[in-house]
Amino acid sequence: MFNDFLKKVMGSNKSDSREVAKKRLKFALIYDKLEVSDDILNALHRDIVEVISRYFEIDHDAFKLDIRRSDDFSALIVNTPILSAKHKDPRHSDL
Amino acid sequence: MIPLTPHLLPLTPYTRCILDGRIIVITSGKGGVGKTTATASIGAALAMEGKRVVVIDMDIGLRNLDVVMGLENRIIYNVVDAVKGKCKIKQAAIKDRRIENLYLIPASQSDNKNVLSPEEMVGFREIISKEFDYVLMDCPAGIERGFENSVAAADEAIVICAPEVSSVRDADRVIGLLYARSITPKLVVNRIVPEMVERGDMLNHSDVVDVLSIELIGLVPMDDQVVVCTNTGMPLVLQKKSLAGEAFRRIALRINGMADLPIEVPQSQSRFWKKLGTRLGLGK
Ligand SMILES: Nc1ncnc2c1ncn2[C@@H]1O[C@H](COP(=O)(O)OP(=O)(O)O)[C@@H](O)[C@H]1O
Ligand SMILES: [Mg+2]
């Protein structure tokens with residue numbers, strides 16, 4: 001997508017590095033803002049483990065939290081092996 | 001003698017008196033985009049409007065504002081001394097002899113950035129704003145302690161940005177940090193080369209404003225006079241023929257209440273003559 005764009009701009013004979021600059025800048029800023037700090041990721045990790053643990057027995061060490069990016073979108077990927085379900089109704093738990 | 005006790009006051013912005021001076025930080029994230037040049041020039045231009053102005057070099061360990069202003073031979077005390085109360089503000093503030101009402105508080109050259117803390121700067125702000133109409137803080141590059149200290153003391157901010165990808169990106173980051181501190185910054189685009197903009201090889205000012213979406217208060221062209229003035233330590237705004245000097249003067253007027261003063265877009269010589277020709281009815 002981005003490469004196509006570059007080709008289009010480079011292909012034209014008029015020098016127009018300004019357009020390239022503007023486009024790259026917009027992409028860079030979007031990416032910068034998607035970046036999540038380690039502190040936030042760790043806190044999120046903790047919270048998710050806590051919530052899932054109310055419902056399932058999970059393997060804490062195998063729990064994985066990841067942010068995956070592609071050209072068009074970012075995805076939050078949570079992967080955890082479930083050891084067993086907890087049958088207690090969580091709404092009446094003493095949490 | 002009345003003792004100074006501002007440290008005992010609750011330090012919220014609302015306790016500040018209407019008569020207190022405005023404290024403006026000049027920042028950019030990236031180095032070399034023109035913060036020091038802008039601080040010296042806007043400060044001088046505000047003083048020429050009859051305001052009492054102090055410019056403060058917050059780049060501890062790497063002072064430069066003093067040489068840009070040609071006041072490097074007169075330093076006795078510095079901003080660290082002033083903030084720590086080792087001297088009075090009157091002693092630290094060097095009076096410019098060419099422009100009335102203009103003062104410089106230089107950075108200290110021997111300390112490191114961590115010698116001051118944001119808390120101390122908040123205390124200092126209460127004292128300094130009583131003595132001047134405008135306090136301009138020349139912020140160091142980066143977003144570490146030096147930035148924190150400069151911003152802690154300020155109520156307003158001017159972000160200087162060059163029309164380049166790296167500079168705009170850093171400006172965006174700094175703008176985010178300023179908003180997080182409840183400061184709504186204004187934008188100056190510096191180092192514009194009109195010839196490059198006109199042939200499509202440089203971001204134009206609306207590209208920059210578009211990306212950063214903050215209020216623009218000035219456009220400053222690349223101008224050889226900036227280097228010439230830095231060579232001699234002469235104030236840029238006293239150079240009648242300097243385009244950059246003129247741009248900074250207009251920025252100062254805008255800050256000082258003339259909010260409606262139009263922002264002039266720097267133009268190349270050829271474009272300028274062509275336009276003039278058209279206006280005089282010569283050719284198309
Ligand atoms: N409008 C301009 N035209 C020409 N040179 C400039 C302009 N603005 C700044 N400069 C030059 O760019 C360099 C960096 O400027 P400076 O004000 O020291 O930036 P900063 O304080 O942001 O690091 C200096 O050499 C200065 O003379
Ligand atoms: Mg500087």
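We use all heavy atoms of the structure for the numbers below, so side chains are in, but hydrogens, waters and symmetry mates are not. Each chain gets a letter, A, B and so on, in the order the sequences are listed, and its residues count up from 1.
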Item to check | Sub-4.5 Å side-chain heavy-atom contact between A:Leu25 and B:Asp172 | outcome: no

Checklist entry - So A:Asp16 and B:Arg199, salt bridge (Lys or Arg N to Asp or Glu O under 4.0 Å) or not? Walk me through it. => result CA-CA 7 Å; A:Asp16 206 353; B:Arg199 66 166 187 262; over 6 Å; no

Item to check | Stepwise salt bridge (Lys or Arg N to Asp or Glu O under 4.0 Å) test for B:Asp207 and A:Arg18 | outcome: CA-CA 9 Å; B:Asp207 295 334; A:Arg18 165 215 162 211; 2.6 Å; yes

Checklist outcome for this item: salt bridge (charged side-chain N to carboxylate O under 4.0 Å, His left out) filter on B:Glu148, not counting sequence neighbours, yields B:Arg181

Checklist entry - Going by an N to O cut-off under 4.0 Å, is there a salt bridge joining B:Asp210 and A:Lys26? => result yes

Item to check | Within 6.0 Å of CG in B:Asp224, more than 12 heavy atoms from elsewhere | outcome: no

Next on the checklist: I'd like to know whether CZ of B:Arg145 has more than 12 heavy-atom contacts from other residues, nucleotides or ligands below 6.0 angstrom.
Outcome noted: yes

Checklist entry - When you check the gap from the basic side-chain N to the acidic O, do A:Asp32 and B:Arg169 get nearer than 4.0 Å? => result yes

